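Take a look at the structure below.
Here the structure is a predicted model, which is why all the values come from computation and not from measurement. As a basis for the values below, the full set of heavy atoms in this structure was taken, side chains included, without hydrogen atoms, waters or symmetry mates.
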Protein chains: 2
Amino acid sequence: MATGRTHRPATRSRGIPEATVARLPLYLRALTALSERSVPTVSSEELAAAAGVNSAKLRKDFSYLGSYGTRGVGYDVEYLVYQISRELGLTQDWPVVIVGIGNLGAALANYGGFASRGFRVAALIDADPAMAGKPVAGIPVQHTDQLETIIHDSGVSIGVIATPAGAAQQVCDRLVAAGVTSILNFAPTVLSVPDGVDVRKVDLSIELQILAFHEQRKNGEERDERADRDERPPRDTGQAVAATVAPAAEAAGPGANAAQGPVAGAVPGASPKGPDGDVPAVMPA
Amino acid sequence: MATGRTHRPATRSRGIPEATVARLPLYLRALTALSERSVPTVSSEELAAAAGVNSAKLRKDFSYLGSYGTRGVGYDVEYLVYQISRELGLTQDWPVVIVGIGNLGAALANYGGFASRGFRVAALIDADPAMAGKPVAGIPVQHTDQLETIIHDSGVSIGVIATPAGAAQQVCDRLVAAGVTSILNFAPTVLSVPDGVDVRKVDLSIELQILAFHEQRKNGEERDERADRDERPPRDTGQAVAATVAPAAEAAGPGANAAQGPVAGAVPGASPKGPDGDVPAVMPA
DNA sequence: CAATCTTTGTGCACGCGTTCACAAAGACAT
DNA sequence: ATGTCTTTGTGAACGCGTGCACAAAGATTG
């Protein structure tokens with residue numbers, strides 16, 4: 001799956017392994033489907049198949065939540081839906097703001113999967129003044145100037161960043177400063193955040209690259225893997241190669257100017273950031 | 001990671017660990033940024049910071065590719081860009097089709113991160129006849145009827161599914177039958193595919209749910225964690241609870257009837273499919 | 001050429017996650 | 001009640017991934 005994991009050292013918040021937490025939404029979806037079909041109970045085998053995992057893994061996952069099954073019968077669907085929802089915190093309302101209303105931001109705003117799980121789009125924010133007031137998914141877009149006010153007034157603690165890479169860190173800093181403690185980042189940049197803030201990343205091109213790797217392995221044993229295997233290249237091949245790989249500039253932005261702290265260095269501090277400007281299409285990575 | 005990992009048993013294609021493969025795109029992005037700033041070399045420490053990982057991990061990752069560094073100096077940026085690109089298979093052109101041109105599909109079509117890494121959008125496909133011919137991102141949308149022809153003529157091996165959940169499995173089957181061997185799935189459904197086909201999943205709401213879990217843990221020790229901890233619920237709480245958790249139907253759809261191998265066999269029964277509710281406005285595939 | 005300094009590459013240990021396999025628990029039939 | 005059958009819950013083994021720590025390698029300086 002989309003990759004998206006952060007570099008946080010797998011906190012294992014309260015006994016439940018991180019890997020298990022990541023699968024709970026999967027189980028919940030399958031269970032919800034069963035619930036709608038009025039299926040009263042499921043065995044671990046059936047549910048595991050529906051969720052696409054191993055049944056032993058599923059049982060172990062559930063064992064971290066408690067003993068919510070009946071031996072010889074299986075799990076009560078409705079009860080399990082409730083327990084998992086509660087464990088994930090979906091029994092409460094989560095106001096969310098989406099920053100960067102390009103194609104992707106608009107798609108997210110329209111995405112039905114949010115509302116159906118307790119996530120409510122509290123506001124849409126964009127830096128383009130021309131967007132201000134325009135309704136997207138029935139919600140008027142507000143200007144970035146309002147960001148702090150919106151966060152504060154709506155009590156938002158989860159922010160979604162769908163801006164171009166160049167603007168992401170800046171937006172992130174403002175969100176965090178305003179009180180947001182969880183961020184879902186769609187911009188192709190590594191965000192630095194202070195401790196206590198969770199970041200999850202979704203990078204569409206990364207997923208494709210991973211697929212390409214496996215794809216290459218499938219058809220690709222007969223390819224040109226011979227000559228260029230271990231040759232020391234001319235030190236000045238630079239431009240040519242770069243042009244081949246990435247003809248269009250990527251401009252991940254100077255934000256990634258490594259060299260900050262010794263290792264991690266999550267510096268919420270200033271970020272000159274330079275030009276980001278463009279918000280034309282979607283994340284011109 | 002957004003997650004998005006499939007249930008394939010981590011094939012470790014050719015010695016390179018799956019976890020390492022998943023990080024290579026990360027390194028590549030950071031390196032590309034350095035390349036554009038004309039930085040000749042980087043140390044593992046610097047690059048690791050830019051990519052948001054541990055430096056020891058980075059060095060070990062690179063060691064799987066070969067000895068591409070110079071002790072006392074670091075790594076040649078351009079050379080490393082080339083090596084990683086080649087390893088990922090990005091030195092060749094990958095035609096891609098996107099099926100389901102709703103908000104999300106359109107966002108993907110416009111996404112710049114594809115073209116800049118060797119991925120070329122060969123075609124856009126949608127089931128809505130009204131969409132046919134309409135240009136999105138400069139590419140005319142074609143009707144689903146053309147799917148097989150397009151795949152065949154363009155030699156596409158990677159497909160992106162951005163349809164509603166209810167249509168995903170059907171589209172998937174047709175893609176696979178037409179020769180696609182790698183699928184990036186944005187629909188909230190578990191796809192069943194034959195061996196040899198790779199599936200990676202990106203589920204936006206899953207990422208948010210994971211964030212919600214951690215968010216709950218942060219502010220939430222003083223919450224209502226007492227009373228409803230281990231109570232055996234009335235067996236008929238069903239509807240009420242379901243309504244609370246998921247007011248809008250989601251209907252991940254029975255499409256997930258894995259039922260291929262022996263272990264799978266989940267509810268092979270008929271699938272009236274019913275209302276797929278979720279993702280109404282978006283993705284009218 | 002020798003000494004020193006920097007940084008890579010990796011052996012090793014540890015912890016997490018996955019999977020197997022089975023005893024315990026309950027349902028159900030007789 | 002007793003026995004059988006199904007399915008859970010989990011102890012234990014295994015394998016992968018991560019991070020430490022250091023020797024080896026090369027640059028650099030005197």
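The side chain of B/Thr70 places no N or O atom within less than 4.0 Å of a non-bridging phosphate oxygen (OP1 or OP2) of D/dG26. Of the side-chain N and O atoms in B/Ser44, one or more sit less than 4.0 angstrom from OP1 or OP2 of C/dT8.
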Atom pairs, protein N/O to nucleotides 10-13 of chain C N/O, distance under 3.5 Å:
{"unit_1": "C/dG11", "atom_1": "O6", "unit_2": "B/Lys60", "atom_2": "NZ", "d": "3.2"}
{"unit_1": "C/dC12", "atom_1": "N4", "unit_2": "B/Lys60", "atom_2": "NZ", "d": "3.2"}

When you compare the protein's N or O atoms with those of nucleotides 28-30 of chain D, which come within less than 3.5 Å of each other, and at what distance?
none

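Atom NZ in A/Lys57 sits about 13 Å away from atom C1' in D/dC16, given to the nearest Å. Following rounding to the nearest Å, A/Leu47 (CG) and D/dT7 (C1') show an atom-to-atom distance of 14 Å. Look at CD on A/Glu45: it is 15 Å from C1' on D/dG9, rounded to the nearest Å. When rounded to the nearest whole Å, the span between CG of B/Leu80 and C1' of C/dT8 equals 13 Å. Counting to the nearest Å, the P atom of D/dT18 and the CG atom of B/Leu58 are 12 Å from each other. Counting to the nearest Å, the P atom of C/dG17 and the CZ atom of A/Arg23 are 9 Å from each other. Remark: P of C/dG9 and CG of B/Leu65 are 10 Å apart, rounded to the nearest angstrom. Rounded to whole angstrom, the span from the OH atom of B/Tyr68 across to the C1' atom of D/dA25 amounts to 18 Å.
The two residues B/Lys201 and A/Leu26 make their nearest non-hydrogen contact at NZ-CD1, 3.7 Å. The heavy-atom pair separating A/Gln169 from A/Leu191 by the smallest distance is OE1-CA, 3.4 Å. Pairing each heavy atom of A/Ala50 with each of B/Val190, the nearest pair is O-CG2, 3.6 Å.
Taking B/Thr20 as the reference, B/Asp61 meet the side chain to side chain donor-acceptor pair (under 3.5 Å) condition, with sequence neighbours excluded. Residues that satisfy the side chain to side chain donor-acceptor pair (under 3.5 Å) test with A/Ser44, not counting sequence neighbours, are A/Arg59. Residues forming a ring pair (Phe, Tyr, Trp, His ring centres under 6.0 Å) with A/Tyr75 (at least two apart in sequence, or on another chain): A/Phe62.
At the heavy-atom level, B/Tyr75 lies under 4.0 Å from the strands shown only through sugar-phosphate atoms.
In this structure, of D/dT18, C/dT8, C/dG17, it is D/dT18 that holds the atom nearest to the side chain of B/Ala19.
In this structure, A/Arg37 contributes its side chain and A/Ala33 its backbone to no donor-acceptor pair below 3.5 Å.
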message: Applying salt bridge (Lys or Arg N to Asp or Glu O under 4.0 Å) to A/Glu87 and B/Arg217, what does each step give before you reach the verdict?
response: CA-CA 10 Å; A/Glu87 196 66 47; B/Arg217 284 298 159 88; 2.7 Å; yes

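In this structure, a donor-acceptor pair under 3.5 Å is absent between the side chains of A/Tyr82 and A/Glu78.
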